[in-house]
Amino acid sequence: MSGNRRRLAGVVASLGALVACSLAMLLGSGQGVAASGPTTSLTLQTMDSCKRALDGAGYQLTGGNLGAPLEVSSSGSGLQTVSSGTCPVPRGNCSSTSVGCLTFTGIPVPGNYRITSIKTPPANSSNPQGYAPCEGGSACRSEEADVSVLADGSVQATVTDVYPDGTVRVFPGSGSTYAGTASDPVVFHDFGLGSGSCDGDGDADDHLTGSPSSHCAYKPESGEASACPGGTDQTYPWSCAFSTTTSSTTSTGSSSTGTTTTSSTTTSTSSTTTTTTTTTTTTTTTSTSTTTTSTTTSSSTSTTAACPTQATRNFTGSASATSSTSNFVDTTAAGPLSASVTWTPPTTVDLIVYDSSLTVLGEQTGSSGSLTLSLPNVPAGSYKVKVKNTGSTSITFSLAVTHC
């Protein structure tokens, strides 16, 4: 009997250990789902407007299957010349130097991601006011990298700079992409700030180093002071990028909506008066009630668009087979947005519009050489318009984006 008890106790202990082990494995697999899938890494490098790599920057990667944004940054103020040739140098090199180099690890495969600047390099004797995240002037609007991680873990990335006058420049240029490796890092160009003047009125675009470029002036000039509302510490338009995203978006949207709604209401009132006069002249008394309804509808329609003027941005570019290029536009008020692209030679192309969180708002596919995508009403904000060549032939294209 005592032998049976010992054998039974041994069986119970073994079962208990097996259950505990299984439970631990189950819990462990639940916590590590994201880490258990394939991942890749991406290297980037910060450079100035010309040929120097810069330490002290920080970046955030969002999108794809990330549960939370990834952030990398460095301390220090190291400077090192990394290349010869004309400025700005389109490509960097983290194989021969570590200055300015940072690496994101654990990026889920595959996926589409965006990298934004969250910290610029510190000031130095050459750039006493620090740096702005963009290549083109002290009132740069934005600088962001779009990253496509393919199923095999390889990376295709481009960096889009929006200059103070709205000019868009895509690096590395010529329809090519960065591989995100040590020998071909994704390059962010930061503009050194100083006391140089662009247009002489002492505001955001008058903090230059070097000779003024033809794109250094913020346009429209009337919008420069309110380009980044919400705080007296936001000296330059690009400083919005370093505020909390929610607060910055709310502040910008509130200010923009408030201003344009007032303007729209005034315009609507004027329009209503004209419409009423015309209707009275051409209709009978029995349609008075209808006229009142029409007036209300007209006012509502004008207010909904909240967009007194439309602007068209034109872009040209090229995309090699199975690659894509992206352009960014910023709407100043709620209203319609449309994008039209033509390309040669005919091959299959996708035209896609994303919002600032990389959510697809609309997509069209065609192979005839032209596509148009219209969104009836989008909020004020930043949008990405992508021309994606899914065919096997390189293309050149012309893109027009009309928005508020």
Side-chain angles (χ1 to χ4, degrees), residues 34-35 37-66 69-122 124 131 133-135 143-161 169-192 320 322-326:
T39 63
T40 191
S41 61
L42 178 150
T43 298
L44 59 83
Q45 187 171 34
T46 308
M47 298 180 67
D48 65 8
S49 298
C50 200
K51 308 170 186 176
R52 294 188 304 178
L54 308 169
D55 278 334
Y59 299 91
Q60 182 182 78
L61 184 141
T62 57
N65 295 318
L66 288 174
L70 297 179
E71 294 185 358
V72 292
S73 62
S74 67
S75 58
S77 56
L79 303 171
Q80 181 173 329
T81 300
V82 295
S83 177
S84 59
T86 57
C87 301
V89 176
R91 294 187 184 270
N93 192 327
C94 290
S95 296
S96 58
T97 181
S98 61
V99 177
C101 298
L102 297 167
T103 299
F104 286 104
T105 59
I107 304 172
V109 174
N112 294 317
Y113 301 90
R114 177 175 292 177
I115 303 174
T116 53
S117 175
I118 57 174
K119 183 178 71 168
T120 51
N124 53 50
Y131 292 85
C134 173
E135 164 60 35
E143 181 179 39
E144 296 176 320
D146 284 292
V147 179
S148 293
V149 177
L150 306 185
D152 62 0
S154 63
V155 168
Q156 295 178 350
T158 57
V159 177
T160 301
D161 285 8
R169 183 170 184 179
V170 180
F171 290 92
S174 302
S176 58
T177 59
Y178 295 113
T181 60
S183 59
D184 186 25
V186 178
V187 174
F188 280 75
H189 295 91
D190 286 1
F191 185 89
S320 57
T322 65
S323 70
S324 60
T325 62
S326 300

Do Thr105 and Ser41 have side-chain atoms, one donor and one acceptor, less than 3.5 Å apart? no

Do the side chains of [Y] and [X] get nearer than 4.5 Å, heavy atoms only?
| X | Y | value |
| --- | --- | --- |
| Leu42 | Tyr178 | no |
| Thr325 | Thr158 | no |
| Arg169 | Pro88 | yes |
| Asn124 | Tyr131 | yes |
| Ile107 | Thr39 | no |
| Cys134 | Phe191 | no |

Say you draw a straight line from [atom1] of [X] to [atom2] of [Y]; how long is it, rounded to the nearest 0.5 Å?
| X | Y | atom1 | atom2 | result |
| --- | --- | --- | --- | --- |
| Asn112 | Thr62 | CG | OG1 | 11.0 Å |
| Thr46 | Tyr59 | OG1 | OH | 2.5 Å |
| Leu66 | Phe104 | CG | CZ | 9.5 Å |
| Gln80 | Ser98 | CD | OG | 7.5 Å |
| Asp146 | Thr177 | CG | OG1 | 12.0 Å |
| Thr160 | Arg114 | OG1 | CZ | 8.5 Å |

Met47 pairs by side-chain contact (heavy atoms from CB on, under 4.5 Å) with which of Leu54, Thr81, Val82? Val82

Can you name the nearest heavy-atom pair linking [X] to [Y], along with the distance?
| X | Y | value |
| --- | --- | --- |
| Pro185 | Gly92 | CD-O, 3.6 Å |
| Ser49 | Gly192 | OG-N, 4.3 Å |
| Cys94 | Thr43 | SG-CG2, 3.9 Å |
| Ala157 | Val147 | CB-CG2, 3.9 Å |
| Val99 | Gly78 | CG1-O, 3.8 Å |
| Pro122 | Asp55 | CD-O, 3.7 Å |

For the pair [X] (side chain) and [Y] (backbone), establish whether a donor and an acceptor sit closer than 3.5 Å, ignoring hydrogens and angles.
| X | Y | answer |
| --- | --- | --- |
| Gln45 | Asn93 | yes |
| Ser74 | Gly56 | yes |
| Glu143 | Phe188 | no |
| Thr40 | Gly153 | yes |
| Ser176 | Gly173 | yes |

Assess the residue pair Thr116 and Glu144 against the criterion (side-chain hydrogen bond (donor to acceptor under 3.5 Å, both in side chains)); give the C-alpha distance rounded to whole Å, side-chain angles, the decisive distance to 0.1 Å, and a yes or no. CA-CA 5 Å; Thr116 53; Glu144 296 176 320; 5.7 Å; no

Set of ring-ring contact (aromatic ring centres under 6.0 Å, His included) partners for Tyr113, sequence neighbours left out: none

